[in-house]
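Heads up, the thing below is written out as structure tokens.
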2 protein chains.
Amino acid sequence: MSRSNPRVLNTLERAGGFASAQEVYRLMQREGQSIGLTTVYRALQSLVNDKIVDILRREDGEAIYRLCGDSHHHHLVCKGCGDTIEIEGGAVEKWAKSLAEEHGFRDVGHTAEIFGLCSKC
Amino acid sequence: MSRSNPRVLNTLERAGGFASAQEVYRLMQREGQSIGLTTVYRALQSLVNDKIVDILRREDGEAIYRLCGDSHHHHLVCKGCGDTIEIEGGAVEKWAKSLAEEHGFRDVGHTAEIFGLCSKC
DNA sequence: TTTGATAATGATAATCATTTTCATTTGTGA
DNA sequence: TCACAAATGAAAATGATTATCATTATCAAA
């Protein structure tokens, strides 16, 4: 029962591999594709199950879906102006991996974001 | 206009310094304290502004408030059974600090969570 | 003490993402 | 063609959060 609707996956790809369910839905609507919001949610959930996309959270709690295989990176976010800088997370990758192993976890992912005030704010 | 209601702060402390707004509210209700949900949200928001608490997100997107000054730690969460292990994040602290400095950020915080399947799941 | 301005409170309604329900449609094999 | 399971999507339900707005508490000045 793979509900990984290819049109949804395709839209997520074209959205830069990083979008919320609502955004994917609105984008497909705008393009004239006929699809229901429910199906978008189901397709994304299915893609998550199949480990084709990751799920993260925006600051306001909205879920955003990230295509796996996208170059994995983290964010440095300014609490003042909202500016976001993509950063590498080498140290974090190693940290997450070694700790997970240490506790016998498998199939491991992680999130890591840094926030503060940028020099302008 | 400090709305940092001391009863809310006190309740958050007694909840282990780590709870959602709804939980703080329910706890106060159960204890017979008379308070409105709105006030709980406002008080927590105010505490965030005053940098007395941090705000993070549960996996389901619900906001949880963490008392600053609590011994800072991270979580290793099992996606299967929800089990959570508190872990040290030395490597992450350094990573966050050095990257923030590098980009001229100040007043810096961070989140980092690891999730996977524990040995039982 | 009375008055008045201002801030705090909380019940209620509105918002918004997400999930559930359920009837309908589609695909597929017999 | 028929039957049946899977997929779809409209509409309603859910649940956290936020906005409204009338009421109440505070407190300084008259």
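Order of the sequence lines fixes the chain letters, A, B, ..., with proteins taken first and strands second; residue numbering starts at 1 for each chain.
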Rounded distance in Å - CG (Asp60(B)) to P (dG15(D)): 12 Å
Counterpart residues, side-chain contact (heavy atoms from CB on, under 4.5 Å), relative to Glu62(B) (two or more places apart): Ser20(B), Gln22(B), Arg58(B), Asp60(B)
Leu76(A) side, atom CG; Cys118(A) side, atom SG - distance, nearest 0.5 Å: 9.0 Å
Kindly state which residues belonging to residues 25-44 of chain B come within less than 4.0 angstrom of DNA chain C, counting heavy atoms of the residue only, listed by number. Ser34(B), Ile35(B), Gly36(B), Thr38(B), Thr39(B), Arg42(B)
List in chain and number order the residues that pass side-chain contact (heavy atoms from CB on, under 4.5 Å) with Asn10(B), two or more places apart in sequence or in another chain; answer none if no residue qualifies. Glu13(B), Arg14(B)
Distances for protein N/O vs nucleotides 22-24 of chain D N/O pairs under 3.5 angstrom?
none

Reported CD1-to-CD distance for the pair Ile35(A) and Gln29(A), which is rounded to 0.5 angstrom: 9.0 Å
Donor-acceptor contacts, no H, no angles, side chain residues 97-105 of chain B, under 3.5 Å, sequence neighbours left out:
unit_1: Ser98(B); atom_1: OG; unit_2: Lys94(B); atom_2: O; d: 3.3
unit_1: Ser98(B); atom_1: OG; unit_2: Trp95(B); atom_2: O; d: 3.3
unit_1: His103(B); atom_1: ND1; unit_2: Leu99(B); atom_2: O; d: 3.1

How close or far is atom C1' of dT19(C) from atom CD1 of Ile55(A), stated in whole angstroms? 13 Å
Atom-to-atom span, CZ of Arg57(B) to C1' of dT18(C) - whole angstrom: 14 Å
Ring pair (Phe, Tyr, Trp, His ring centres under 6.0 Å) partners for His75(B), two or more places apart: Phe18(B), His73(B)
Quick one: Arg58(A) CZ to dC16(C) P, roughly how many Å, whole number? 15 Å
Return yes if some donor-acceptor pair links the side-chain N/O of Arg26(A) with the main-chain N/O of Ala21(A) below 3.5 Å, else return no. no
For Ala19(B), what residues pass the side-chain contact (heavy atoms from CB on, under 4.5 Å) criterion, not counting sequence neighbours? Leu12(B), Ala15(B), Glu23(B), Val24(B)
Counting just side-chain N and O atoms, does Asn5(B) come under 4.0 Å of either OP1 or OP2 of dA8(C)? no
Test side-chain contact (heavy atoms from CB on, under 4.5 Å) on His110(B) and His74(A); report intermediate values, then the result. CA-CA 11 Å; His110(B) 65 270; His74(A) 298 275; over 6 Å; no
For the pair made of CD in Gln22(A) and P in dT19(C), what is the distance, rounded to whole Å? 11 Å
Within this structure, what is the CG-to-P distance between Leu47(A) and dA7(D), rounded to whole angstrom? 13 Å
Measure CD/Gln45(B) against C1'/dT18(D) and give the value in whole Å, please. 11 Å
What's Glu62(A) touching, base or sugar-phosphate or nothing? Going by heavy atoms closer than 4.0 Å. sugar-phosphate
